[in-house]
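As the structure is a computational prediction, the values presented were derived from the model and not from experiment. Chain A is the first sequence line, chain B the second, and so forth, proteins listed ahead of strands; every chain is numbered from 1.
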Amino acid sequence: MAAPNEPLAAPGPDPFPGPGRRVVAPDASASGNGVSIAIDVQQLTRRFGEFTAVDRVSFQVKKGEVFGFLGANGAGKSTTIRMLCGLLAPTSGTARVGGVDVATDPEGVKRSIGYMSQKFSLYEALTVDQNIAFFGGVYGLAGERFAARREFVLDMAGLRGREHTVTRTLSGGWRQRLALGCAVLHEPPIVFLDEPTGGVDPVSRRQFWDLIGALAAKGVTVLVTTHYLDEAEHCHRLAIIHRGQMVALGSAHELKGVFNERPILELQTAHAVQAMAALDAMPEVEKTSIFGTSVHAVVRSAAVSPAQIQAALEAQGIVVTGVGVVTPSLEDVFLDVVERTEAQAQGGQAA
Amino acid sequence: MGAGIRRVIHLLRKELIELRSDPRLFGIVIIAPIIQLTVLGYAATTDVKDIPLLVVDADRSAASRTLISRFEASANFQIVDVVSGGDQVDQHLSHGTAWMAITIPAGFGDRLSSGQGDTVQVIADGTDSNSTGVALGYARSIVAAYGAEKAVELRPAAARAAPIDADIRVWFNPRLESRIFMVPGIVALLLLVVTTNLSAMAIVREREVGTLEQLNVTPLARWELIVGKLLPYALIGMVDVVLVTLVAVFWFEIPFLGSFPLLFLCSAIYLLSTLGLGLFVSTISATQQQASMTATFFFLTPMIYLSGFTFPIENMPGWIQYVTYLIPLRYFLVIVRGIFLKGVGVAVLWPQIAALLAIGLVLIAMATLRSSKRLA
């Protein structure tokens, strides 16, 4: 089942662990007995009947880190977060959040975390102030501390002057920031955000990520799931989840290293379809895709020069007006990792 | 514990704000019970009045006219038509224009004066068996009274022939008005329907919107959640008790002989079971629609039929009678009718009060155990 990954040339620690392999953050040992480790997940598994939603996932998140969980819908991101929040019992494996085991003390976990779920989770009939007062009250905030936190949330969400607005009438971005504010009212050291930016406009999304960055700068650990690959660039480190398994782990830069030895060429041509067919037939080309008005081709070796490919195409009568090496995007990485995992799974089944 | 109570108060305040901001809910809670009590107070009657009656008078004698006039004089009958032949009986009964047809045979008057006696045929529409039974009773007594009168006319000595006479006194509802029996029952019924439905929605609504998951990651404990969710509906229930009691007493002039504080206390105990039932439904439903359907079809409807609200429990088959012991409404009906109409107190009603308390506590305990903070 756990077929060994083919070796990938990547700088630093291997960002593409085989499923079930123990993963230690690069500097975990250096910081002394995991004191700086906020979240420690080992072999975490959750089954629903026959279906394995989360399959032997292991990772560690350092204090103050923004850790991103990437994956398609249904890949197991939310199930993992729910287990880490003490909302769902793990089937096997362990997870320690703020040093507390989620399986044995789920209520203890809840004291040190903030959680914002996929669904909009405020009371729509209540005003901004009433929502803040309610969540403050439930978290046991009172007096000066509550007053200070209320100010903080109003400033953070940009809702000053709208304290008495009914939440239902707020726009998506405001609601999202208010929900985040209510989730961090009690100043939790660890915050879980499950698809926090779903359905929010790009400007509000950017503002939201600025808030996440500000929290992390103050030492708050943030674990965030998303399927917007562009915004995943904001995370310090990322894990890619596919069919319940963690298939890649590392910084965005490390993950992009998967293309160091397999550069992506961008070719400008008026005959994209013919160019793709010709490229696919070349042994040095691994795969091709249309990217806007140009063609992207992943070549099998860094030794293959763009000029060589251009010449080969023009030899077949396909005019190439421009060619160069492009920096891979996270989307390239994500699709590449998923394709390779699928191919391995197919190979495993065939064997 | 102190922190827990503060959390409950925050939850309570939030619930009340949500209730206040939902005008439809306000209508369900305050207006609907009053309207229902008023409408049902008039409609839910088992009294049989103005029965449409077809008279077939084949005799056309003084005696037949006297008998017909007795029916005319009765408030229970409304004569539709007086005809000579029986061929219209079928048509009237089929169309429902008459519920009953009485046929006075030719020669009725002559046979009566000669002291022979005679038979009057009564044909009744039996589709509504209860009302027909009552109507037949009225018809029989009118005919019998006229017969007895005629007998005395012919032989005065016969009047003293009957050796036993029943001297009837009806207590608690001397005029046997069904409204006096029904209205206190409707009070109990309304309280069940309103509070069970509301509490069935209470937790499901938060689950549907997603706020329940948010609450589940807070330090809010299970008992705090349940107390905070149920207390507002208990308060609403008590307001409803006062409102519907006022309507019952001042509008329908239902006698209220017992103690109002006792009714209030018993209502609070009854609410434990209605709210507990709703909460239990809440824990086995995923959406508000499911909760409402489950509450209505699996619990409320059978409960109302089996509670003794309309059909006497004593007439049900033995095994069903055992089932009725599980129904809170059964006990509360005895309590409201007892307090309203008989003026009895705890000395008489304690078995019902104890049963309600037990059922209520068991239901709330079951619901609390089921509503785990963990999703699995």
Side-chain angles (χ1 to χ4, degrees), chain A residues 46-49 53 78-79 81-91 97 102-103 106-127 129-131 133-142 146 166-168 179 182-183 185-186 188 190-192 194, chain B residues 1-29 198 201-229 231-232 286-288 371-376:
Chain A
R46 172 69 202 202
R47 288 192 200 92
F48 295 103
S78 294
T79 307
I81 278 210
R82 284 181 170 172
M83 284 193 278
L84 297 182
C85 290
L87 286 172
L88 197 64
T91 308
V97 172
V102 298
E107 290 303 302
V109 169
K110 288 168 190 173
R111 277 190 285 275
S112 61
I113 62 161
Y115 170 62
M116 187 178 152
S117 69
Q118 250 168 320
K119 284 186 175 179
F120 174 68
S121 51
L122 296 170
Y123 292 97
E124 300 208 337
L126 269 60
T127 65
D129 236 358
Q130 285 166 341
N131 264 305
F134 172 69
F135 284 103
V138 166
Y139 279 111
L141 304 185
F146 172 72
V166 177
T167 313
R168 185 181 293 119
C182 287
L185 257 180
H186 56 301
I190 301 166
V191 178
F192 294 97
D194 193 4
Chain B
M1 192 71 187
I5 287 168
R6 272 197 296 278
R7 283 195 290 267
V8 169
I9 291 170
H10 278 283
L11 197 58
L12 194 64
R13 186 183 299 156
K14 184 221 84 180
E15 290 292 318
L16 291 175
I17 296 171
E18 283 190 302
L19 273 176
R20 208 175 46 201
S21 69
D22 188 344
R24 202 170 39 109
L25 213 52
F26 181 80
I28 291 172
V29 159
L198 283 178
M201 302 291 174
I203 287 193
V204 176
R205 191 171 56 235
E206 297 226 17
R207 184 176 297 145
E208 225 174 18
V209 181
T211 45
L212 187 64
E213 194 162 282
Q214 199 64 43
L215 290 183
N216 283 345
V217 293
T218 69
L220 198 69
R222 259 190 316 192
W223 72 267
E224 294 163 11
L225 178 67
I226 290 190
V227 172
K229 286 300 249 183
L231 223 50
T287 62
Q288 292 189 68
S371 72
S372 164
K373 266 184 99 173
R374 280 210 167 191
L375 301 173

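Taken from CG in A:Leu88 to CG in B:Asn216, the straight-line distance is 11.5 Å, to the nearest 0.5 Å. Separation of atoms OG (B:Ser21) and CZ (A:Arg168) is listed at 6.0 Å; rounding is to 0.5 Å. Here the CG atom belonging to B:Leu215 is positioned 6.0 Å from the CZ atom belonging to A:Phe135, to the nearest 0.5 angstrom.
Not counting sequence neighbours, the partners of A:Asp194 by the side chain to side chain donor-acceptor pair (under 3.5 Å) test are A:Ser78, A:Thr225. Listed by chain and number, the residues in a side chain to side chain donor-acceptor pair (under 3.5 Å) with A:Thr91 amount to none (sequence neighbours excluded).
Counting heavy atoms from C-beta outward, B:Arg13 and A:Phe134 have side chains that stay 4.5 Å or more apart.
Of the atoms belonging to A:Ala179, not a single heavy atom falls under 4.5 Å from chain B. When heavy atoms are compared at a cutoff of 4.5 Å, B:Leu212 does not approach chain A at all.
In plain terms, the two heavy atoms of B:Lys14 and A:Leu126 that are nearest each other are CG-CD2, 3.6 Å. In terms of heavy-atom proximity, B:Glu18 sits nearest to A:Ala125 at CG-CB, 4.3 Å. Shown here for A:Glu107 and B:Thr218, the closest heavy-atom pair between the two residues is OE1-O, 4.5 Å. Scanning all heavy atoms of the two residues, the minimum distance from A:Ser117 to B:Glu213 falls at CB-OE2, 3.7 Å.
In terms of modelled atom types and a separation under 3.5 Å, the side chain of B:Gln214 and the main chain of A:Tyr115 share a donor-acceptor contact.
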TODO: Tell me, with the steps shown, if B:Val217 and A:Leu87 meet side chain to side chain contact (heavy atoms under 4.5 Å, CB included).
DONE: CA-CA 7 Å; B:Val217 293; A:Leu87 286 172; 3.7 Å; yes
